[in-house]
**Student:** 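To start, I am sharing the structure in question, which I have written as structure tokens.
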Amino acid sequence: MTAPESNQSVESLKDDIQRHVALTLGSDPFPPRKGRYYLGLCYSVRDRLLGQWLETQRSYYDSITKRVYYMSLEFLPGRFLMNYIQALGMEEECREAVRDFGLDLDELLEEEWNPGLGNGGLGRLASCYMDSMATCRIPGYGYGILYDYGIFYQTIVNGYQHEGADNWLRQDSPWVLRRGHFMFLINFYGRSEAYEDSAGHERFRWVDTESVMAMACDIMVPGHQNGHVTNMRLWKAISTRDFELEHFNRGDYIGAVQSKVESENISKVLYPNDTSPRGKELRLRQQYFFVAATFQDILRRFRKNNYSSFDCFPDQVAVQLNDTHPAISIAELMRILVDEESLTWETAWTICQKTFSYTNHTVLPEALETWSVELIGRMLPRHLQIIFEINRRFLDDVGKRFPGRVDLLRSLSLIAEDNGKQVRMAHLAIIGSHTVNGVAELHSKILKTRLFKDFDNLYPGKFTNVTNGITPRRWLMQANPALSELIGSVIGDEWIHDLSHLSELAAYADDPEFQQRWQEVRKRNKKLLARYVLRKLGVGINPATLFDMHIKRIHEYKRQILNVLHVITLYNRIRSGSVAHHVPRTLFFAGKAAPGYMQAKLIIKLINAVGQAVNGDPAVGNDLRVVFLPNYCVSQAEKLIPAADLSEQISTAGMEASGTGNMKFALNGALTIGTLDGANIEIREVVGEDNFFLFGHTEEDVHRLHSGGYDPVQIYESNIELKKALDMISTGFFSPEAPGLFRPIVDSLLAHGDYYLVLADYAKYVAEQARVSKCYEDPALWTRMSILNTANMGKFSSDRSIMEYARNIWKVSPLT
Ligand code: 9GP
């Protein structure tokens with residue numbers, strides 16, 4: 001179902017745009033100005049979705065159906081306007097309407113700020129899943145926090161990352177619908193008090209608390225041209241002082257206002273994923289704030305259906321924990337059921353385990369959350385008691401099944417003792433959930449065989465895999481209109497709803513005429529990107545060169561350093577004339593480093609320093625260019641990915657849980673150079689070994705090398721090109737003003753054991769890059785490989801992932 005014909009016409013759109021400019025914004029519609037008309041268009045498009053949204057929400061009630069609650073502290077939706085327009089099927093009408101006012105739709109789209117409510121992969125995945133839930137008509141809601149400040153705004157000053165505040169809500173967003181009537185009281189601190197109930201049982205209540213209000217702010221997430229609009233509900237903290245006027249009346253006006261501001265800080269800022277947000281009290285407050293508000297909302301909806309008992313709660317409610325950030329939900333639901341609803345512990349626990357499922361997104365030990373017992377005890381005293389009780393019962397049970405295994409009890413316990421007492425949130429999430437999943441086959445296997453091996457033995461069948469996916473609507477249709485049109489011209493548009501249809505493209509992989517059209521589209525995209533780079537950085541790049549992209553968070557395990565070593569190697573070869581023939585390349589880097597992660601920030605500086613040396617060297621000319629694009633975000637990815645020839649997915653095997661950038665590139669026809677890591681393995685399986693550039697040690701090799709015997713210094717000594725590249729870095733070739741600047745990078749590789757095995761993979765990587773260049777010189781071969789990549793990406797639609805979650809984990813069916 002799309003919007004009724006009448007309000008889809010160009011004329012009605014134009015009327016609405018002008019009406020909104022005049023009556024909503026209070027501006028003179030003449031002459032038409034970009035900023036105002038952009039907002040006028042936003043409101044006009046929003047109006048057309050609101051009816052569908054209300055109808056969808058009503059249909060959930062009418063069919064009293066089981067709903068999915070996707071709880072995530074991060075979402076990265078990207079810009080909304082084009083997404084809404086395409087969901088309504090109104091792109092042509094919108095183009096024409098604004099054209100009639102002398103404006104250009106593509107320029108208006110650039111007015112929109114990216115909501116940076118996430119750090120990277122995990123948040124973007126949550127947004128792909130929202131899109132797929134809506135498109136597949138899965139009755140679901142996303143829940144999170146409406147941060148006033150999203151992920152920081154990155155600028156590059158003298159090669160260094162600078163962080164600025166991302167005040168994305170400074171002008172009200174047309175997409176955020178504030179729902180002042182959905183407010184919940186959230187408690188913190190205080191103490192847990194025991195009392196006897198009327199039947200003489202000991203019970204507990206949480207008293208002397210401090211509180212804050214959570215206000216619902218909704219953002220619509222439309223399905224693609226199906227009339228289904230899902231809701232993303234983000235909570236904003238509002239001080240209870242607003243409601244307690246007597247505080248003001250006591251005369252301490254400034255004190256009262258200050259404490260109001262402090263309590264509203266909860267939803268002020270997204271935590272950038274520094275190596276360790278743990279111990280940061282505000283972060284735990286954010287987690288509990290959004291959990292407590294979400295559960296009050298879930299229970300409100302559950303009660304609306306007049307159920308006589310909580311036994312049917314899991315038949316109505318499926319809660320997906322996106323990583324451990326919402327894991328305190330398990331203690332919160334237990335508290336509600338036991339303390340407020342007076343259920344027995346056993347009944348409440350059964351309900352919990354049937355309600356929750358948990359997705360793990362990382363095996364990196366530093367990213368596995370723990371909270372100190374002291375902090376939880378102070379902020380959430382009743383929850384700590386509940387966690388202890390869950391642990392006591394759990395360990396009793398383990399003890400009975402495995403008598404005498406103290407080692408096992410220690411490894412499984414919810415409480416770690418080695419570094420002061422800490423609550424292991426992943427253990428809480430595993431015990432309290434019916435299903436735990438990893439996000440790619442290899443990652444799920446590592447969870448079962450290494451990280452959570454003892455849990456897997458204890459609960460056979462609890463661990464499973466759902467390989468990540470991406471939405472074809474944003475990542476092909478919207479990001480790459482030219483390629484979408486070409487695909488549509490030969491196989492039709494069914495791929496938009498069912499990506500497996502792309503396989504029909506394989507029949508054209510060797511067709512010279514189709515190949516030529518494919519190349520033309522790719523050239524056009526590369527030209528557009530070159531123009532964007534010129535505008536942004538003032539750097540000219542040649543679209544005829546091989547566009548090689550490494551765009552993702554800057555982290556040692558993602559090995560931007562390995563790529564830099566290859567760049568320096570190419571640079572040295574060009575300078576020394578040691579290669580008779582070189583395929584010209586442009587290297588693109590983009591990504592943010594966590595503000596507290598010094599090594600990652602130094603890597604950014606190194607990339608820029610190498611870029612400066614290479615780009616400024618007349619001996620290199622057009623043969624090699626390095627650009628670092630600041631402030632990587634969803635919209636920038638949409639510009640970069642369709643123009644890529646080569647996608648760098650070169651993490652140390654076993655360390656990238658899945659990756660989703662790898663999928664976006666392959667879907668858009670870039671070829672991958674990658675390790676056997678995360679979803680790379682499954683991508684290679686479907687696109688075919690011949691259409692993928694593989695190198696590097698496997699996860700098992702990595703495990704073995706980590707167990708002993710790895711000597712990076714010996715590799716350094718024995719590889720002349722590698723030695724030269726590292727020596728240039730460490731002796732100040734790229735930092736003549738401060739020769740020792742990059743020593744910490746070289747030290748991490750030589751003096752500190754090269755944990756990420758950069759040196760171990762260097763030679764194979766450089767050799768495989770040579771094969772990349774050779775293939776690129778054969779346009780027919782390269783284009784064939786590129787077409788076959790796109791053609792075989794059907795599996796990686798987030799629609800497939802969502803339907804797997806729905807069928808196997810949530811047990812919900814699409815609404816008809
Ligand atoms: O690092 C993983 C990335 O590999 C994965 O694709 C993404 C979505 O599942 O999650 C990332 N993990 C995090 O952002 C934090 O655990």
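Just follow the structure's listing: the first ligand is 1, and inside any ligand the first atom is 1.
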**Student:** Just which atoms of ligand 1 are under 4.0 Å from any heavy atom in Ala657?
**Tutor:**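 Result: 4 (O).
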
**Student:** Does Arg474 pair with Asp131 as a salt bridge, N-O distance under 4.0 Å?
**Tutor:**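 A salt bridge is absent here (no side-chain N lies under 4.0 Å from a carboxylate O).
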
**Student:** Would you say the rings of His162 and Tyr153 are close, in the sense that their centroids are separated by under 6.0 Å?
**Tutor:**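 Distance test on ring centres: not under 6.0 Å, no.
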
**Student:** For Thr362, take its heavy atoms, then give the atoms of ligand 1 lying under 4.0 Å from any of them.
**Tutor:**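 So the answer, numbered in order with elements, is 16 (O).
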
**Student:** Whether the Arg67 and Tyr141 side chains hold a donor-acceptor pair (N or O, under 3.5 Å, no angle test) is what I'd like checked.
**Tutor:**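 Short answer, yes.
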
**Student:** Give the residue and atom name of whichever protein heavy atom lies nearest to atom 11 (C) of ligand 1, and the separation in Å to one decimal.
**Tutor:**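 That would be His361 O, 3.7 Å.
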
**Student:** Hey, which atoms in ligand 1 end up nearer than 4.0 Å to a heavy atom of Tyr557?
**Tutor:**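 Listed by number with element, the hits are 1 (O).
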
**Student:** What about the rings of Phe695 and Tyr765, do their centers lie closer together than 6.0 Å?
**Tutor:**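 Yes, they do, as the ring centres are separated by less than 6.0 Å.
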
**Student:** Could you check atom 13 (C) of ligand 1 against the protein and tell me its nearest heavy-atom contact, residue, atom and distance included?
**Tutor:**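 Here the nearest protein heavy atom works out to Leu122 CB, 3.9 Å.
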
**Student:** Between His555 and Tyr597 (judged by ring centroids, cut-off 6.0 Å), do the two rings come close enough to count as a pair?
**Tutor:**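 That pair passes the under 6.0 Å test.
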
**Student:** Looking only at protein heavy atoms, identify the closest one to atom 16 (O) of ligand 1 and say how far it is in Å.
**Tutor:**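 Sorting protein heavy atoms by distance from atom 16 (O) of ligand 1 puts Asp323 OD2, 3.1 Å first.
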
**Student:** For Phe455 and His427, I'd like to know if the aromatic rings sit close, meaning centre-to-centre distance below 6.0 Å.
**Tutor:**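 Ring-ring flag for Phe455/His427: true, centres closer than 6.0 Å.
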
**Student:** Please determine whether salt bridge (Lys or Arg N to Asp or Glu O under 4.0 Å) holds for the pair Arg704 and Glu700, giving the CA-CA distance in whole Å, both sets of side-chain angles, and the decisive distance to 0.1 Å.
**Tutor:** CA-CA 6 Å; Arg704 187 173 37 78; Glu700 264 140 29; over 6 Å; no

**Student:** Run the contact test for Gly120 against ligand 1 with a 4.0 Å cut-off on heavy atoms, strictly below, and give the result.
**Tutor:**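 False for this residue.
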
**Student:** Among all protein non-hydrogen atoms, which one is nearest to atom 5 (C) of ligand 1, and what is the separation to 0.1 Å?
**Tutor:**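 Result: Gly659 N, 3.7 Å.
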
**Student:** Tell me, which protein residue and heavy-atom name are nearest atom 3 (C) of ligand 1, and how many Å apart are they?
**Tutor:**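 Result: Glu656 OE1, 3.3 Å.
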
**Student:** With a 4.0 Å heavy-atom cut-off (strictly under), which part of Asn119 contacts ligand 1: side chain, backbone, both or neither?
**Tutor:**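 None of Asn119 does.
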
